[in-house]
2 protein chains.
Amino acid sequence: MKRDSRLSSVLHALLHMAERGEPMTSETLAVCMCTNPVVVRRTMGLLRDAGLVASARGPSGGWQIVADLNSVTLRDLYDALGEPTVFAIGNRHEAPQCLVEQAVNAALDDAFADAEALLLDRLGKITLARLSADFNRRYAAHRTRA
Amino acid sequence: MKRDSRLSSVLHALLHMAERGEPMTSETLAVCMCTNPVVVRRTMGLLRDAGLVASARGPSGGWQIVADLNSVTLRDLYDALGEPTVFAIGNRHEAPQCLVEQAVNAALDDAFADAEALLLDRLGKITLARLSADFNRRYAAHRTRA
DNA sequence: TAATTCGTAATATTAAAAGTTACATGAAAC
DNA sequence: GTTTCATGTAACTTTTAATATTACGAATTA
Ligand code: FES
Ligand code: FES
């Protein structure tokens, strides 16, 4: 399967939107993210449903952040995207008859569940504000070098 | 993408082989694992390359475990399979120009790397012997009930 | 030598993400 | 109020990676 890159995508879009301040259209976002306006709308639509961004139609419409950057974490975004499957590795059968397979699945599920919990915990501790600050640090360093 | 279920598969096969004692053919393993003999050979071949199992051709040939169940961990199997991609979630571009995307990727990579480290560490602590014991416990419980 | 079983290349299928096309709906500007 | 811009969404196609299948060669045993 392809890997799901929506979290990365949407973060990218949000930071650009945060820098900008005014609404950005799907078209603009799509160009900058090397994708398609419809994909942008689909993905951002999920964030809108979660109350993180707002969309407006017609001229001067577009997408805008409505949530407080300090209170939105990457975990919130993950949730807004519908809690996509984390692992590319999984059990062959989910509820097998065979006792051998049950023992195997139990052990694997355990390890994977713990890793997932750690990941989500980590995501829950990173706010958009922090990422934005991170970007500005990089930007400053970049300008100094140039 | 489909999820990679080879680790689960191969574990299943190994435990059955451990119970059995004598060589099992790809055909037998395939039937029991609901898959194809060629898939079994391909996958088990990787384990053979890692020195975990041995294969023999011709009549009375087949697959057999040659490693000590106490010293083989799930991490060893993961490695033998070629360290397959762990996450179904990833960055859109791996080495982006855009500083915004760089900041995003850095944060995500960090969290994912930690989760992966935890997972592999966990896998490294589970031996085949322990799984086998686990199975036998389940089996005993099953027989008591029946 | 015949039967069995692995080894492996080439090809096809499947599952899931991402991209595309097409068109309806709504809001702003004039 | 008509034109223009932009989102909303359904339907379909493409891409990617895993898995499955077919076919046949090579080695081993009896
Ligand atoms: S990479 Fe940020 S502008 Fe497209
Ligand atoms: S599930 Fe096939 S026999 Fe273990």
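The sequence lines fix the lettering, A, B, ..., with proteins before strands; numbering per chain opens at 1.
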For D/dT16, does either OP1 or OP2 sit under 4.0 Å from a side-chain N or O belonging to B/R3?
no

Could I get the full list of side chain to side chain donor-acceptor pair (under 3.5 Å) partners for B/N70, not counting sequence neighbours?
none

Considering residues at least two apart in sequence or located in another chain, which fulfil the side chain to side chain donor-acceptor pair (under 3.5 Å) criterion with B/T43?
none

Side-chain N or O of B/S5 less than 4.0 angstrom from OP1 or OP2 on D/dA18?
no

Name all residues meeting the salt bridge (Lys or Arg N to Asp or Glu O under 4.0 Å) criterion together with A/R42; count only those two or more places apart in sequence or in a different chain, and write none if there are none.
none

Would you call B/M33 and B/V39 a side-chain contact if the rule is heavy atoms closer than 4.5 Å?
no

What nitrogen or oxygen pairs link the protein and nucleotides 11-14 of chain D at under 3.5 Å?
unit_1 : atom_1 : unit_2 : atom_2 : d
D/dA11 : N6     : A/R42  : NH1    : 3.4

Between residues 25-33 of chain A and DNA chain D, which residues have a heavy-atom gap below 4.0 Å?
A/T25, A/S26

Tell me whether the OP1 or OP2 atom of C/dG7 has a side-chain N or O from B/R41 closer than 4.0 Å.
no

A/S8: side chain to side chain donor-acceptor pair (under 3.5 Å) partners, not counting sequence neighbours
none

What contact category does A/G62 fall into here, base, sugar-phosphate, or nothing, at under 4.0 angstrom with non-hydrogen atoms?
sugar-phosphate

Would you mind reading off the distance between A/N36 atom CG and C/dA17 atom C1', rounded to a whole angstrom?
14 Å

Could you work out, with ring pair (Phe, Tyr, Trp, His ring centres under 6.0 Å) as the rule, every residue matching A/H16, not counting sequence neighbours?
A/H12

Contacts of type side chain to side chain donor-acceptor pair (under 3.5 Å), residue B/R48, not counting sequence neighbours
B/S55

Can you tabulate the close N/O pairs, meaning under 3.5 Å, that link protein atoms to atoms of nucleotides 27-30 of chain D?
unit_1 : atom_1 : unit_2 : atom_2 : d
D/dA27 : O4'    : B/R57  : NE     : 3.4

Gap between atoms CG and C1', on B/L81 and D/dT19 respectively (whole Å)
14 Å

Indicate yes or no: at least one non-hydrogen side-chain atom of A/L47 is less than 4.5 angstrom from one of A/L14.
yes

With sequence neighbours excluded, tell me which residues meet ring pair (Phe, Tyr, Trp, His ring centres under 6.0 Å) with A/Y78.
none

Tell me whether the OP1 or OP2 atom of D/dT19 has a side-chain N or O from B/T35 closer than 4.0 Å.
no

Other than A/L118, which residues form its hydrophobic cluster under the rule that side-chain heavy atoms must be closer than 4.5 Å?
B/L118

Taken to the nearest whole Å, CG/B/D49 to P/C/dT8 is 8 Å

Listed by chain and number, what are the salt bridge (Lys or Arg N to Asp or Glu O under 4.0 Å) partners of B/D76, not counting sequence neighbours?
none

